[in-house]
Amino acid sequence: MVNSLNILFTSSGRRVSLINKFKDVYEEYNIEGKIITADVKQNAPTAFISDKHYILPSINHENYLTELLSLCIRENISLIIPLIDTELPLFAFNKQIFSEYGVKLLVSGMELNEIAGDKNKTYNFFVSNNISTPKVYSKEELRRNEYNFPLLLKPYDGSSSKGVTLITNEEELNFFKSYIPNAMVQEFITGEEYTVDVMVDFGGNVKTIVPRLRLETRAGEVSKGITRKDITIINAVKGVVKALPDPVGCITIQCIKKENGDIKFIEINPRFGGGIPLTIEAGANFPLWVIEMSQGKVFTDQYFGWKDNITMLRYDEAIFTEKILQ
């Protein structure tokens, strides 16, 4: 086990539970080093639980990479864990620059991030690899009315369920196609919705696969969920991960299991999802495995000893401070 490691979480925001899970591993395994957070805001809740917190410009700012690299040098950062989608392509593209400073990035390859960041590309990836997925209708098929209601309309570059709209008639379809930017229209599927957390090392070796049934969501993020050792989902996800180009770290995959048992894949997010604390609490030690792989460990064996039917019921907590924050 590594003796010392400084980790930086970027765009840390409200991810208090995840960072606390890493802190627990540091304490349990006597790991020295700092857990540092960075965000565009000084009043990010994670600023009050990390060892240090830095303010960085927005990802699109011309000085973002320069300031981030300066932070890494100043704090002797060994590993960066990005926590929002918009960071991933930037980090994937600049992996080599960080490597020259001795910093590893928990980020998948550029191609995978492009696939995940565009739902049309996600759909094409699924189709080209014979992975079952709800049909997305082309402009020509929509013009020829080759569809049946209900439909699901959403922005192809959206996140957190923003703009996701159930369409039940032609009037709604015509309105929301114009109202929602970058809209795509797909077949509406009903069934149990799962988020599946997969742990993958830098060589693409899978450590574990943990399906979580989504019982309730809020703002696109699971608020109530339960772990399920569904072997059919686990095996199906193995096939998806095998087809992914250069997966690294936590890969979060969403699917729907229909009433007849068919599994339809709908989304890929190559980062820690909001519900990952449930997976960790069930015994899948993602923080420990991330630390181990950052030190060169290769996953030669898989782990499925995590607990089935562990339920998470999330609620809001507050941080109180006398500091004047904007």
Handout entry: Spacing of CG belonging to Leu18 relative to SG belonging to Cys250, to within rounding of 0.5 Å
Key = 9.0 Å
Fill in the blank from the handout: With Glu281 as partner, the option from Lys21, Met312, Lys307 fulfilling side-chain contact (heavy atoms from CB on, under 4.5 Å) is Lys21
Practice task
For residues Ile84 and Leu88, report the shortest heavy-atom separation together with the two atoms involved.
Solution key: O-CG, 3.7 Å
Exercise for the section: Give a yes or no on whether the backbone of Gly273 and the side-chain of Arg15 come within a donor-acceptor separation of less than 3.5 Å. Expected result: yes
Handout entry: Phe202 and Lys104, any side-chain heavy atoms less than 4.5 Å apart
Key = yes
Practice task
Flag this pair as yes if the NZ/CZ of Lys257 is under 6.0 angstrom from the six-membered ring centre of Tyr194 and inside a 45 degree cone about the axis; otherwise no.
Solution key: no
Handout entry: Donor-acceptor pair, side chain of Asn169 and main chain of Glu172, under 3.5 angstrom
Key = yes
Problem - Tyr303, Trp306, Trp289 screened by side chain to side chain donor-acceptor pair (under 3.5 Å) with Thr208, the one that passes - result: Trp306
Problem - Residue pair Ile80 / Cys72: nearest heavy atoms and the distance that separates them - result: CD1-SG, 3.6 Å
Problem - Heavy-atom donor-acceptor pair, Asp201 side chain to Phe299 backbone, under 3.5 Å - result: yes
Handout entry: Stepwise side-chain hydrogen bond (donor to acceptor under 3.5 Å, both in side chains) check, Thr252 with Asn269
Key = CA-CA 5 Å; Thr252 305; Asn269 292 296; over 6 Å; no
Exercise for the section: Find out if a path of hydrophobic residues (ILVMFWY) with successive side-chain heavy-atom gaps under 4.5 Å connects Leu166 to Val164. Expected result: yes
Exercise for the section: Can you measure from CD (Glu192) to SG (Cys255) and round to the nearest 0.5 angstrom? Expected result: 10.0 Å
Exercise for the section: Give a yes or no on whether the backbone of Val248 and the side-chain of Ser108 come within a donor-acceptor separation of less than 3.5 Å. Expected result: yes
Completion exercise
Closest non-hydrogen atoms of Phe48 and Lys323, given as atom of the first, atom of the second and distance, are CE2-CD, 4.3 Å
Practice task
Give a yes or no answer on whether the side chain of His53 reaches the backbone of Ala44 with a donor-acceptor pair at less than 3.5 Å.
Solution key: no
Practice task
Measure across Ser12 and Leu83 and return the closest heavy-atom pair with its distance rounded to 0.1 Å.
Solution key: CA-CD1, 3.9 Å
Handout entry: Gap separating the OH atom of Tyr54 from the CD atom of Glu75, nearest 0.5 angstrom
Key = 3.0 Å
Exercise for the section: State yes or no: do Val200 and Val290 share one hydrophobic cluster built from I, L, V, M, F, W and Y residues joined by side-chain heavy-atom distances below 4.5 Å, directly or via other members? Expected result: yes
Exercise for the section: Nearest 0.5 Å please: distance from the CG atom of Leu244 over to the CD1 atom of Ile253. Expected result: 5.5 Å
Handout entry: Any donor-acceptor N/O pair, Asp39 side chain to Gly13 backbone, under 3.5 Å
Key = yes
Exercise for the section: Name all residues meeting the ring-ring contact (aromatic ring centres under 6.0 Å, His included) criterion together with Phe22; count only those two or more places apart in sequence or in a different chain, and write none if there are none. Expected result: Phe9
Exercise for the section: May I ask you to decide if Ile266's main-chain N or O and Thr133's side chain share a donor-acceptor pair within less than 3.5 Å? Expected result: no
Exercise for the section: Hey, could you give me the CE/CG distance between Met184 and Leu152, rounded to the nearest 0.5 Å? Expected result: 9.0 Å
Practice task
Decide yes or no on side-chain hydrogen bond (donor to acceptor under 3.5 Å, both in side chains) for Arg212 and Thr227, but give the supporting numbers first.
Solution key: CA-CA 4 Å; Arg212 297 184 274 109; Thr227 56; over 6 Å; no
Problem - Val198 and Val237, any side-chain heavy atoms less than 4.5 Å apart - result: yes
Practice task
Determine yes or no for a side-chain-to-main-chain donor-acceptor pair under 3.5 angstrom, with Lys135 supplying the side chain and Phe188 the backbone.
Solution key: no
Handout entry: Worked check of side-chain hydrogen bond (donor to acceptor under 3.5 Å, both in side chains) between Ser58 and Asn60
Key = CA-CA 5 Å; Ser58 67; Asn60 296 324; 5.4 Å; no
Exercise for the section: With the side chain counted from C-beta on, respond yes when Ile81 and Thr10 share a heavy-atom pair under 4.5 Å apart, and no when they do not. Expected result: no
Practice task
With rounding to the nearest 0.5 Å, note down the distance linking CD1 in Ile167 to CG in Leu173.
Solution key: 6.0 Å
Practice task
Taking the side chain as every heavy atom from C-beta outward, state whether Lys258 and Ile189 have any atom pair closer than 4.5 Å.
Solution key: yes
Exercise for the section: Could you state whether Met199 and Phe304 fall into the same hydrophobic cluster, counting links through intermediate Ile, Leu, Val, Met, Phe, Trp or Tyr residues with side-chain heavy atoms under 4.5 angstrom apart? Expected result: yes
Exercise for the section: Taking the side chain as every heavy atom from C-beta outward, state whether Leu106 and Met293 have any atom pair closer than 4.5 Å. Expected result: yes
Handout entry: Donor-acceptor contact present, side-chain Ser70 to main-chain Glu67, <3.5 Å
Key = no
Exercise for the section: For Glu140, check salt bridge (Lys or Arg N to Asp or Glu O under 4.0 Å) against everything at least two apart and list the hits. Expected result: Arg143
Handout entry: Lys238 side chain near Gln302 side chain, heavy-atom distance below 4.5 Å
Key = yes
Problem - Sidechain N-carboxylate O distance under 4.0 Å for Arg228, Asp308 - result: no
Exercise for the section: Give a yes or no on whether Leu313 and Leu215 share a hydrophobic cluster (residues Ile, Leu, Val, Met, Phe, Trp, Tyr; joining criterion: side-chain heavy atoms under 4.5 Å apart). Expected result: no
Exercise for the section: Determine whether Leu153 and Gln186 make a side-chain contact, defined as any pair of heavy atoms from C-beta on separated by less than 4.5 Å. Expected result: no
Fill in the blank from the handout: In short, Phe176 meets Ala183 closest at the heavy-atom pair O-CB, 4.5 Å
Handout entry: Short side-chain to backbone donor-acceptor contact, Glu146 and Leu142, under 3.5 Å
Key = no
Completion exercise
Applied to residues 119-142, the ring pair (Phe, Tyr, Trp, His ring centres under 6.0 Å) test, sequence neighbours excluded, yields none
Problem - salt_bridge(Asp51, Lys23) N-O dist < 4.0 Å - result: no
Exercise for the section: Quick one: closest heavy-atom pair of Tyr147 and Leu151, and the distance? Expected result: CD1-CD1, 3.8 Å
Problem - Sub-6.0 Å ring centroid separation between Phe91 and Phe98 - result: yes
Practice task
Would you check if Thr165 and Ile180 make a side-chain contact, meaning some heavy-atom pair closer than 4.5 Å?
Solution key: yes
